[in-house]
Amino acid sequence: MTAIYKREFFSYFRSPIGYVALALFTFLSSYWFSMYLFNRGAINLAQEIKAIRNYLILIVPIITMALFSEDKKRGTEVIYYTSPISLFNVVCGKFLAAMTLFAIMFVNIIIHMIITVNLGGIVNVGTWGSVIVYFFFAALFISIGTFASAITDSQLISAIVCFVILYVINMLTSIAGMVATGVQSLLSIFTDDPEKIRKVCDAVQNAILWLDPFSKTNDFVYGKFSIAPLVFCFSGTVVFIYLTYRVLEKKRWSQA
Amino acid sequence: MSDNKNVNKAPKEKKVKEAVDNRSKVLKLTSIFSVIILIAIVILFNVIIDKILGKSLSFDMTASGHNTISEQSEEYLNSLPDGASIRIVGLFEEPASYSDTPLEYIVPLLQDYAKKSSGKVTVEYVDPTAYPYIISELDPTGIYDVANSAGLYAVCYEGKVSIIDPYDCFTYEQIFNESIGQPVDQPRYNIAESKFTNTMINLTKGYTNKAYIVADPRSTVKSVQLEAMLNNLGVEVEYLDYSDANFKVPLDCEILFLNGVSSDITETCAEALNTYLSIGGKMVVTADFVRIANNGANLNNLNTKVLNNRGINIEEFTVRETNSTYMFPGDASGYVFYASTSDQDVMSLGGSDKYVVQTPFILNKVSTKYDSSMTVTSLLTSSAQAVKVDYTGTDVIQGDFSVAMKSAGVNEGTYELYVFGFTTITSDDYMSTVPSSDSNVKLIRNIVKGSLNVNDTFEVESKNLANYSIDTSKLSLNGSSAMIVILVAGIPLALIVAGVIVYTKRKNL
């Protein structure tokens with residue numbers, strides 16, 4: 001796994017992908033930081049990190065699009081099937097390489113923390129809460145990107161699939177609202193009891209929001225730490241890593 | 001022979017193919033089932049964690065406990081009878097994100113109320129625009145004005161409703177914002193828990209006492225903070241206007257505040273107050289030296305007809321402190337300073353021997369009116385190095401001066417009169433910028449509690465808000481511009497250039 005990890009990690013810097021992703025992240029995070037610095041005279045790094053979470057839907061597809069699709073396109077994926085290491089280790093190695101790149105991106109935030117503290121600002125528990133959520137989100141989203149990369153041999157399609165999945169996740173709150181409104185309109189045809197309608201709508205909305213990692217982790221920014229949302233992100237990561245493994249494993253028996 | 005061979009080979013190949021197909025089928029089924037089982041386990045595990053263990057696996061990591069109710073609130077919730085039902089309704093759609101809004105300190109806190117109340121408190125969000133029925137459900141007669149309370153919280157108990165504005169859950173300090181060139185209200189303390197707990201207490205137990213605040217008719221600002229503090233003690237508050245020609249102290253008045261006096265009271269008012277005290281009334285007077293001096297006013301009626309009869313006189317002088325140990329940090333003028341006390345009662349009531357005063361009146365005992373039916377004591381004094389200053393700002397004499405006094409009848413059931421020559425004890429300006437644990441606030445709160453015999457209160461402290469402000473003096477405009485250019489443009493451009501170089505090199509390999 002270490003060999004795969006090293007190969008994949010250094011490949012980010014042997015192609016422009018790593019540099020572009022780092023540049024994009026640096027620009028976006030620094031832009032938010034400067035907005036706080038100039039416009040408000042106060043810096044809440046938790047809000048900056050929270051804002052950056054929304055840009056993961058742009059950055060993650062860039063990082064993960066080539067993880068497996070590139071090998072498939074070149075035909076070098078056969079190495080994974082013929083080498084003595086397990087496919088699961090291959091998936092984990094590539095996943096960890098992408099996570100390491102994300103950790104490097106986080107150096108930007110550390111620089112912002114140092115600047116903030118030197119300017120008399122604070123780095124409080126809300127900031128650390130955001131940091132924890134940031135890494136759990138990164139793990140979940142990278143696993144989704146890895147899966148998207150494994151199902152196609154086109155980097156572009158992989159990036160688009162990953163972007164669409166992440167965008168839908170990002171929009172779950174709005175989707176939940178829209179579905180609840182739709183259900184409300186529909187139910188109002190059948191019943192006149194407004195409280196019953198509201199309860200059904202709330203149930204539908206909550207069911208959709210249960211799948212939304214963004215709304216689950218909102219309270220971390222305010223210093224309220226919960227284990228459940230982290231378990232949700234972690235188990236989502238495990239599911240997508242396993243799905244990726246299964247997609248690759250499929251080749252062993254589907255072409256027989 | 002070869003024909004025989006081919007005949008034998010065909011079934012063998014067929015068998016191998018069948019075996020491979022079967023193996024593929026098994027692997028395929030294994031793969032599909034393993035995925036289904038994993039997803040099922042993950043969903044089940046998450047549901048268990050979220051619904052069963054979720055509440056016990058969440059932790060409030062904030063230093064001030066913004067997201068958690070205090071022991072006092074828990075104690076109150078436990079004191080509620082079984083079957084009590086308090087319904088908190090946010091009259092808006094539950095926000096998906098509430099960063100940088102007051103709700104950031106309220107939504108998680110209310111979840112904690114619901115979590116720790118054993119079902120006695122429920123929290124829900126209903127947008128009255130989408131579900132108008134909620135208005136008639138909560139307020140069928142319209143007396144609580146729920147119809148005009150969209151965006152606010154309604155706390156309901158047995159048909160009674162109290163409305164809480166999320167913005168009222170904070171105390172504010174006015175600071176000058178350089179970027180917009182005008183003062184803005186900056187939140188200082190989070191009083192959301194105090195607000196909700198006390199609202200629930202007042203709904204479930206009702207107000208137990210009544211106070212009147214005699215307001216300055218020239219002032220457009222009411223004593224909002226004082227009123228809130230009294231409400232929190234279960235004291236209902238009403239206002240009286242001391243310029244009213246028919247001024248009377250209502251019979252149900254249990255304590256009366258003459259708050260921030262900035263002009264003399266009328267003779268009618270003076271007579272009413274005198275009568276009120278003579279029948280055992282309790283009164284707190286705070287006087288505003290700066291506004292009286294600026295108005296060129298005097299306090300003749302207040303002094304001669306009310307205070308002098310109880311052995312106290314407000315002199316037309318203020319105090320400037322020169323003793324550095326008494327001076328307030330950051331105030332070089334000496335007009336804001338710490339007044340000290342040697343009175344054990346004051347020390348125990350306020351929990352301190354020093355209290356912040358600003359440009360206070362000097363108070364004196366009036367020996368001619370002082371008799372054995374009353375005790376007059378000095379509560380707070382300046383240091384011996386303080387200087388007496390007149391309205392024009394001229395120094396008069398050096399010495400120690402009283403700035404707060406108490407006069408009380410010696411017999412049980414007789415009057416209690418507290419006179420503070422300053423307003424940094426009941427004014428909105430002061431109370432809104434300090435926490436509820438501040439000595440001045442504790443002193444006035446405990447004076448009220450003592451006067452009204454209020455003992456069974458649940459006092460919830462205000463909580464510090466994180467201050468994210470940076471020290472702009474450490475960063476020049478040029479310095480910050482350079483830093484931003486490097487961060488926003490310099491580093492990303494350097495990375496892009498590195499990417500282009502790598503790309504070009506690879507292309508030329």
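Here the structure is a predicted model, which means the values were calculated and not measured.
Judged by distance alone, with hydrogens and angles left aside, the side-chain atoms of A/Thr191 form a donor-acceptor pair with the main-chain N or O of A/Asp193 at under 3.5 Å.
For B/Phe59, the CZ atom counts as densely surrounded, since its 6.0 Å shell holds more than 12 non-hydrogen atoms of other residues, nucleotides or ligands. In the displayed structure, B/Tyr167 atom OH is contacted under 6.0 Å by at most 12 heavy atoms of other residues, nucleotides or ligands.
Counting heavy-atom pairs closer than 4.5 Å to chain B, the top residue among A/Ser226, A/Gly120, A/Gly236 is A/Ser226. The candidate with the highest count of non-hydrogen atom pairs below 4.5 Å against chain A, out of B/Ile43, B/Val42, B/Ile496, B/Ile501, is B/Val42. Considering only heavy-atom pairs separated by less than 4.5 Å from chain A, the leading option among B/Asp50, B/Asp60, B/Leu493, B/Ile32 is B/Asp50. Chain B forms the most heavy-atom pairs under 4.5 Å with one residue out of A/Gly129, A/Ala228, A/Ser30, and that residue is A/Ser30. Between chain A and the options B/Val500, B/Ile49, B/Asn46, heavy-atom pairs under 4.5 Å are most frequent for B/Asn46. In terms of heavy-atom pairs under 4.5 Å with chain B, the best-connected choice from A/Ser15, A/Gly18, A/Ser215, A/Gly177 is A/Ser15. When each of A/Thr26, A/Val125, A/Leu119 is checked for heavy-atom pairs under 4.5 Å with chain B, A/Leu119 comes out on top.
The residues A/Lys216 and A/Asp212 are annotated as not salt-bridged, no charged nitrogen and carboxylate oxygen being separated by less than 4.0 angstrom.
Checking B/Ser64 against B/Asn190 by side-chain atom types alone, no donor-acceptor pair falls below 3.5 Å. Of the N and O atoms on the side chains of B/Ser31 and A/Glu249, not one donor lies less than 3.5 Å from an acceptor on the other residue.
Contact of A/Glu195 with chain B is made through backbone and side chain together, with heavy-atom distances under 4.5 Å. Looking at B/Ser34, both its backbone and its side chain come within 4.5 Å of chain A, counting heavy atoms on both sides.
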